[in-house]
Amino acid sequence: MLNYIWAGLIIISVVFALWQDGTDFKDHRFRNGEALTVQIDGLPPGYADQLDPDPVDVTVKIDPTDYLSFFDPTGTQGLAGDSEESANVQAELQAFFSQPLPATLLTTAGGRELQLAVPDALPAPLDVIYDATKNDNDLLPTYMDGWIQNDAHPSQATASIKFGHTGFVNVKVVTETMFKQAGNAVTFAIGLMGVIALWMGLMKIAEDAGLIAVFVKIVRPVLGPLFPQIPKDHPALGLIAVNLAANMLALGNAATPLGIKAMESLQELNKEKDTATDSMVMLLAMNTASVQLLPPVTLIAIMGLAATELFIPIFLVTLVSLGVAITSAKLLGKMKTFKKTDPMRPNNPNAQKGGDA
Amino acid sequence: MIEDIRIYQSYFSAVVIPLIVIAIPLYGMFKRVSVYESFVEGAKEGFKVGVMIIPYLVAIFVAINMFRASGAMTAMEDFLRPALTMIGFPPEVLPMAIMRPLTGGGSAGVVADLAQEHGMSSIITRMAATMFGSTETTFYILAVYFGAVNIKKTRHALPAGLIADVLAIFLSVYIVRLWFG
């Protein structure tokens, strides 16, 4: 099942992103190659007469109505229109473009270039264009398509600008995420090492001192029936109990290492080292639906005092879901498909040496 | 009363780990175990486990975050919304329901967002927080616990975990509604 879900997530992600990008192209959403009219102000005297002027700082004013009719001429993208939503959009645009944007006007080999300094929270779809085309200085580059100098006011000009070519935005984001998360997983695992080492060291002491064996005796009557494959005096049951206790008391960063320790103990009994035994599945199911006597630390961090009011609802929900987790682990384990892959089944041809307890 | 619980709880969290940390070596010394040697022997595992889980975490982190980044997760919410609203499931907590088994950090973010938008004591925030508190990041637990011992064939672990998750998510909605009227 994990195979299908895993592949499904990746395939759906890429196909979905491609489909969205295709829709963007089809709708001509970013107006690639088309020019928007803007007003430029703050040109130095005599700018128009210079052949190769130095970069100058100017301000750029975009008319919200022009912006709307540029990006959504047919009113089909939800920007224009009479609905309440599009009225909101229009009000936001009015507010956003009420202030002129600071910009740098420079002349390059390819013609005049206007680099806009834009604030956060850009209106759609300019936000996407910005993310896709911003330059190293976090400015939005635009390219001059037409230029009409205002003769009455030499510091002003009307220009038409083209934005940088924007396309395959979603696929690019998905690809970037893929590489970023691959690195993130490694950082995360390395960050866990210390805590895991600490708890595993402590548990080794507890094991050597016979503390786990004491635990096994205590929890045997309760946990024994859930883990019938564990031999009577094996430490696995004690470690499982410690892991579940850490979970119940919301000792989040202790629970994971202790769970791993319990898994290792179960792996000793496993006859087929790459396949989960029924006991392992049961431990995992109990962990994903663990009973919480105390709300998790993260929740208290987010909600403060309000989290304590949820104490009883959380306890009730986890109690029921623990029951369901145990039942479904047991029942699914009895299903033919899963039963025939049980590493502990009699006469397992794949059984490895040393798997026997 | 609730204030008292909160205080005892914070006291409890503050002392329980230090108590465990002194109790284990103390008991070990009492039983004449070479505690330092045992500790180091056990702690060696930490490094092995950390390296062992990397491939599993890469697989899970990459797949889940691609799914989020592509916008497919939002589309899935839009797709499920009408059906769930019909059975009394508030649409606001839907992102939580979908994200919870996939990512711990992401779902904590959803609780924080809802708390900011609707207030701490709104029924929406309470439902989302109860979901957060009563379920675990199933995919992550699966990757770490099984990765640590190199289990690749997970058999019925994922279905069992997800069945419990789905139930806990629906139960959170109904129990919170009952509990807070």
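Chain letters run A, B, ... following the sequence lines, proteins first, then strands; residues in each count from 1.
- In terms of modelled atom types and a separation under 3.5 Å, the side chain of A/Q267 and the main chain of A/K273 share a donor-acceptor contact.
- Taking chain B as the reference chain and counting heavy-atom pairs below 4.5 Å, the highest number among A/A325, A/P343, A/G333 is found for A/G333.
- Between chain A and the options B/A148, B/A63, B/A69, B/A164, the largest number of non-hydrogen pairs under 4.5 Å is found for B/A63.
- With a 4.5 angstrom heavy-atom cutoff, B/F180 touches chain A only via side-chain atoms.
- In this structure, no portion of A/K340 lies under 4.5 Å from any heavy atom of chain B.
- Residues B/N150 and B/K152 form a side-chain contact, since some pair of their non-hydrogen atoms from C-beta on lies under 4.5 Å apart.
- Note: A/T288 leads A/V324, A/I312, A/T288, A/I196 in heavy-atom pairs under 4.5 Å with chain B.
- Annotation: side chain of A/T175 is in contact with side chain of A/F179 (closest heavy-atom distance under 4.5 Å).
- Interface remark: B/V35 contributes backbone and side-chain atoms alike to the contact with chain A (heavy atom separation under 4.5 Å).
- Using a 4.5 Å heavy-atom cutoff, the side chains of B/V93 and B/P90 are in contact.
- Contacts with chain B were tallied for A/T318, A/L332, A/N247; A/L332 has the most, counting heavy-atom pairs under 4.5 Å.
- Counting heavy-atom pairs closer than 4.5 Å to chain B, the top residue among A/I326, A/N170, A/D208 is A/D208.
- Residue contact with chain A, scored on non-hydrogen atoms closer than 4.5 Å, involves the backbone and the side chain of B/V51 alike.
- Heavy atoms closer than 4.5 Å to chain B are found nowhere in A/N3, neither backbone nor side chain.
- Counting heavy-atom pairs under 4.5 Å between each of B/A59, B/P101, B/S34 and chain A puts B/A59 at the top.
- Annotation for A/K330: atom NZ counts as buried by contact number, over 12 foreign heavy atoms lying within 6.0 Å.
- Contact of A/L266 with chain B is not made at all, since no heavy-atom distance falls under 4.5 Å.
- Contact annotation for A/Q20: only side-chain heavy atoms (C-beta onward) come within less than 4.5 Å of a heavy atom of chain B.
- The closest side-chain heavy-atom distance from B/E92 to B/M127 is not below 4.5 Å.
- Contact check for A/F227 versus A/M280: no side-chain heavy atoms found under the 4.5 Å cut-off.
- Counting heavy-atom pairs closer than 4.5 Å to chain B, the top residue among A/V186, A/T277, A/L316, A/D278 is A/D278.
- Side-chain contact between B/I169 and B/M96 is absent, with no heavy atoms from C-beta onward closer than 4.5 Å.
- Heavy-atom distances place both the backbone and the side chain of B/I24 under 4.5 Å from chain A.
- Both the backbone and the side chain of B/N65 come within contact range of chain A, judged by heavy atoms closer than 4.5 Å.
- With values rounded to the nearest 0.5 angstrom, A/I205 atom CD1 is found 11.0 Å from B/L26 atom CG.
- Both the backbone and the side chain of B/V149 come within less than 4.5 Å of a heavy atom of chain A.
- Listed options B/G104, B/A112, B/P159 were ranked by heavy-atom pairs under 4.5 angstrom with chain A; first place goes to B/P159.
- For the options B/V33, B/L178, B/T125, heavy-atom pairs under 4.5 Å to chain A are most numerous at B/V33.
- Heavy-atom distances place no part of B/A115 under 4.5 Å from chain A, backbone and side chain included.
- Residues of residues 129-146 of chain B placed with any heavy atom under 4.5 Å of a heavy atom in chain A are listed by number as B/A129, B/T130, B/F132, B/G133, B/S134, B/T135, B/E136, B/T138, B/F139, B/Y140, B/I141, B/L142, B/V144, B/Y145, B/F146.
- Contact annotation for A/D21: neither backbone nor side-chain heavy atoms come within less than 4.5 Å of a heavy atom of chain B.
- For a residue to count as touching a neighbouring chain, one of its non-hydrogen atoms must lie under 4.5 Å from one of that chain's; by this rule B/K153 touches chain A with backbone and side chain alike.
- Under the 4.5 Å side-chain criterion, counting only non-hydrogen atoms from C-beta, B/L80 is in contact with B/L84.
- Heavy atoms of other residues, nucleotides or ligands lying less than 6.0 angstrom from CZ of A/F16 number more than 12.
- Most heavy-atom pairs under 4.5 Å with chain B: of the set A/T177, A/I190, A/L18, A/L319, this distinction falls to A/T177.
- With a threshold of 4.5 angstrom between heavy atoms, A/V214 approaches chain B through side-chain atoms but not through N, CA, C or O.
- For B/L171, the parts sitting under 4.5 Å from any heavy atom of chain A are the backbone and the side chain alike.
- When side chains are defined from C-beta on, A/M203 counts as touching A/L239, because their heavy atoms get closer than 4.5 Å.
- The local environment of CZ in B/F47 is sparse, with at most 12 non-hydrogen atoms from other residues, nucleotides or ligands closer than 6.0 Å.
- B/F170 and B/Y174 have parallel rings, their planes meeting at less than 30° on a 0 to 90° scale where 60° marks the start of perpendicular.
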